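Here the structure is laid out as structure tokens; the discussion comes afterwards.
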2 protein chains.
Amino acid sequence: MRSEDIAKLAGVSRSTVSRVMNNYPNVPEETHRKVMKVIEQYRYEPNTSARVLAGKGTNTIGLFVVSIADRQSSNRIYQNNYFAPFVDAIVDTANSLGYYVLIHTVYTQEDFAKVRQAFLQRRIDGGIIVGTQTNIAMVREIAGLQAPFILIDYDVSEITDNQLDQNYMSIINTDDYAGAKEAVAHLISLGHREIAMIAGRANTYSGRQRFQAYVDTLQAHDIPFKESYVLTGEFLKQKAYDEVKRLIRNGERPTAIFSANDDMAIAAMEALREEGLHVPDDVSIIGFDDVPVADQLAPRLTSVRLPLYEMSKEAVHTVTAMCERRQVAFHTVQFPTKLMIRESCKEL
Amino acid sequence: MRSEDIAKLAGVSRSTVSRVMNNYPNVPEETHRKVMKVIEQYRYEPNTSARVLAGKGTNTIGLFVVSIADRQSSNRIYQNNYFAPFVDAIVDTANSLGYYVLIHTVYTQEDFAKVRQAFLQRRIDGGIIVGTQTNIAMVREIAGLQAPFILIDYDVSEITDNQLDQNYMSIINTDDYAGAKEAVAHLISLGHREIAMIAGRANTYSGRQRFQAYVDTLQAHDIPFKESYVLTGEFLKQKAYDEVKRLIRNGERPTAIFSANDDMAIAAMEALREEGLHVPDDVSIIGFDDVPVADQLAPRLTSVRLPLYEMSKEAVHTVTAMCERRQVAFHTVQFPTKLMIRESCKEL
DNA sequence: TTGAAAGCGCTAACAA
DNA sequence: TTGTTAGCGCTTTCAA
């Protein structure tokens, strides 16, 4: 069924059908009703490709999830404790605004070609990129596409320093620094001074911020920084697990561990258990992200909550506003975190 | 940059550019190279809408997640322990086959209009629907769209009984009956005879199969069926929690509970704990789905594993094959389940 | 208020 | 082997 068919059935021209479909004001109510009746009767839906080709938007946004896990890893699909709620919230919000969401996962540098393609092939009006590792070349390229996009978790200063075209870009972050500071300060307030950290990837903004806050907060409380207490977890369960095992077997005995994300904290708990150490009696642990399961573990994990839903909503609202030219200025938001105190930390 | 621009730069016609882009055989290597060079230099990507309008496929499949949770529920996004791996696996598989995925969540009857729209507007070449509740009218309507689609978890006999057009349809299930039977038999083999069940929704195929297997297996072992032992959990955490509390407060004391999914099993564990009952010492529990967290709980949850990744792969391969006319026949597959024995069940 | 017609960027049948 | 040309189904300008 094409607009021409509807036009014939309603006794009008294709133009009028189009005007009705697009709610143009210069259609008398009578005509509108007449055409609408046929449209509904035949459940006519205009062909998206045709309307896009004729100049309309796609009403679709791209969601690109840059994953740190291997494509090969067979349990990769179980590693997205962090991303799933994002995807969920973004899809929902977009849907509720009448947008479709084209989703693509990115594992390799070559996969990035796919995000460029999606824009260049005009499959989407705008995009949201989550999980980006520092990659100014990539960001510059996307910025050059002149299509609206949002980066979630990216260093704003890197954009400004490199004088990128900011007209189509926005950045949404959480206040990772403040969140991490609060977490470490919490441990210190419980009497801990031997605090190890399982660090995230240094090539992500959040990874760097959380680590820097750890360093600074120790210093602010006159606690010496120990190199051996810094574990490189890279945000990966397995890495964290191995590092914690190594730490313990080296005879190190921190009384507390601050983990840059919950997945690693969970892996750490497992490693500690296997080494005969009890959480929180022997070692206190704080995670980051407050993934859904944090509250279902034994002991329930103390963690820094990120307002993922609000962030996703903001991302979708911003990108669609940009798509519709309702908003043009470069814009960055930083959402506050919240320390969720549960059972995994003990006062010394 | 349009194909015409490329044509000019390469000194050929648009047709030749098109032939190169589509890997037509009748282009001499020389010409191919010449054109390719310009294409790569300018990073030309053909406009998707134009090629679709000219008769090509969209290279996009729709993924429709029919959710049982409320759109309103603030913690809805945390309720998708089951769907997240599906989405993940489907997106990945599709991406690896060169397909994009358009994802949409469906909460209400009206939302179903969106899946029809996606097809009718020709946004997608085919679709996968997961989480469908029995809704023969809906299935009939989609079948009438003459576009390939896959139903995951749907009663095959309902399709055949209703004589639906099967030319564009396939169904992928797990052997829920066998899985549930194995789970209940496991409890019985541990000496349990007082076995309650938290049932899923009766309007889903898996919900019905799991329940029927419970009934049949009890009977096969001469264990009387007790109406009061059937809790209506509807696959929802909250419902299950409330029902378990009610059961216990009514003074009922089953020694084991078989739950139709893990989310409800987790809720049950919480409810039992609050009632002062210990798992597995006082009550044994088996879940279904084997969600990622099942292995991280305390005690680690015994559960029936579904091969989600394989199912997703199969779904994507089938739907793309149908889109490309490589496969046309109606086709249904049933994947085997596997009982993962962990710590939540005790021998009496 | 409405219709005719041009054009969006591509593919494919046809002709050369 | 290559180019010309006619659509694909819509929106929108222009003219009536």
Side-chain angles (χ1 to χ4, degrees), chain A residues 1-36 38-39 42-60 117-125 145 147 324-325, chain B residues 1-36 38-39 42-60 117-125 145 147 324-325:
Chain A
M1 182 110 315
R2 300 159 309 142
S3 74
E4 175 138 26
D5 303 321
I6 301 295
K8 264 187 202 132
L9 289 160
V12 296
S13 72
R14 277 153 58 208
S15 326
T16 300
V17 174
S18 176
R19 290 192 186 99
V20 170
M21 284 303 303
N22 294 288
N23 275 316
Y24 277 42
N26 59 344
V27 177
E29 203 174 323
E30 171 83 16
T31 314
H32 189 277
R33 227 191 339 260
K34 182 174 64 181
V35 176
M36 228 22 205
V38 181
I39 287 174
Y42 289 89
R43 301 197 147 176
Y44 165 70
E45 294 283 348
N47 181 308
T48 302
S49 299
R51 43 178 7 196
V52 170
L53 204 54
K56 292 287 191 186
T58 60
N59 260 268
T60 305
Q117 266 180 31
F119 278 107
L120 250 28
Q121 296 179 347
R122 303 243 96 93
R123 286 175 179 274
I124 54 179
D125 296 336
L145 264 29
E324 296 160 16
R325 313 278 145 83
Chain B
M1 180 112 315
R2 301 159 309 142
S3 75
E4 174 138 26
D5 303 321
I6 300 294
K8 264 187 201 133
L9 288 160
V12 296
S13 72
R14 278 153 55 206
S15 328
T16 301
V17 174
S18 175
R19 290 190 187 101
V20 171
M21 283 304 303
N22 293 290
N23 276 314
Y24 276 45
N26 59 344
V27 177
E29 202 174 325
E30 172 81 17
T31 313
H32 189 277
R33 229 192 338 263
K34 184 174 64 181
V35 175
M36 230 21 206
V38 181
I39 288 174
Y42 291 88
R43 302 197 147 174
Y44 164 70
E45 296 282 349
N47 180 308
T48 302
S49 299
R51 42 176 12 194
V52 170
L53 205 53
K56 292 287 193 184
T58 60
N59 261 269
T60 305
Q117 266 181 30
F119 278 106
L120 251 26
Q121 296 179 347
R122 303 244 95 94
R123 289 175 177 272
I124 55 180
D125 296 335
L145 264 28
E324 296 161 17
R325 312 278 145 81

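Nothing here was measured: the structure is a model prediction, and the numbers come from that model. Per chain, numbering begins at 1; letters A, B, ... match sequence-line order.
Listed pair B/Tyr44 / C/dG9 fails the phosphate criterion, with no side-chain N or O lying under 4.0 Å from OP1 or OP2.
With rounding to whole Å, B/Lys8 atom NZ is found 13 Å from C/dC10 atom P. Atom-to-atom, CD of B/Glu45 to P of C/dC10 comes out at 11 Å; the value is rounded to the nearest Å. Protein atom CG of A/Asn47 is 16 Å distant from nucleotide atom P of C/dC10, rounded to whole Å.
In summary, B/Lys8 and B/Asp5 do not engage in a salt bridge, as defined by a charged side-chain N under 4.0 Å from a carboxylate O.
Taking each heavy atom of A/Arg14 and A/Ala7 in turn, the nearest pair found is N-CB, 3.7 Å. Summarising the geometry of B/Ala10 relative to B/Lys34, their closest heavy-atom pair is O-CE, 3.5 Å, with the distance given to 0.1 Å. Across all non-hydrogen atoms, the minimal contact from B/Arg43 to A/Leu120 is O-CD2, 3.6 Å. Here the closest heavy-atom approach between residue B/Arg2 and residue B/Tyr44 is recorded as C-CE1, 3.8 Å. The two residues B/Met1 and B/Ile6 make their nearest non-hydrogen contact at SD-CD1, 3.6 Å. Closest of all the heavy-atom pairs between A/Arg122 and A/Thr58 is O-CG2, 3.4 Å.
Set against C/dG9, C/dG7, C/dA12, the side chain of A/Leu53 has C/dG9 as its closest nucleotide.
Comparing A/Arg2 and B/Lys34, the nucleotide of DNA chain D nearest to each residue sits closer to the 5' end for B/Lys34.
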Problem - A/Val12 vs A/Val17, side chain to side chain contact (heavy atoms under 4.5 Å, CB included): CA-CA, chis, key distance, verdict - result: CA-CA 7 Å; A/Val12 296; A/Val17 174; 4.0 Å; yes

Problem - Under the 3.5 Å Watson-Crick or G-U criterion, the dot-bracket string of DNA chain C, with | for inter-strand pairs - result: ||||||||||||||||

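Looking only at distances, no side-chain donor or acceptor of A/Asn22 sits under 3.5 Å from a matching main-chain atom of A/Tyr24.
With rounding to the nearest 0.5 angstrom, the OG atom of B/Ser13 is 6.0 Å from the CZ atom of B/Arg19.
Think of the region where chain B sits on DNA chain D: with heavy atoms and a 4.0 Å cut, that region ends 5' and 3' at D/dT1 to D/dG9.
No engagement by B/Val52 is indicated, since no non-hydrogen atom pair under 4.0 Å with the nucleic acid exists. Counting any heavy atom pair closer than 4.0 Å across all strands shown, A/Thr16 reaches sugar-phosphate atoms only and no base atom. Residue-level contact check: A/Ser3 touches the backbone only, with heavy atoms under 4.0 Å from sugar-phosphate atoms and none from bases.
Side-chain contact between B/Asp125 and B/Glu324 is absent, with no heavy atoms from C-beta onward closer than 4.5 Å.
Non-hydrogen atoms lying under 4.0 Å from DNA chain D are contributed by B/Arg19, B/Asn26, B/Pro28, B/Thr31, all within residues 18-31 of chain B.
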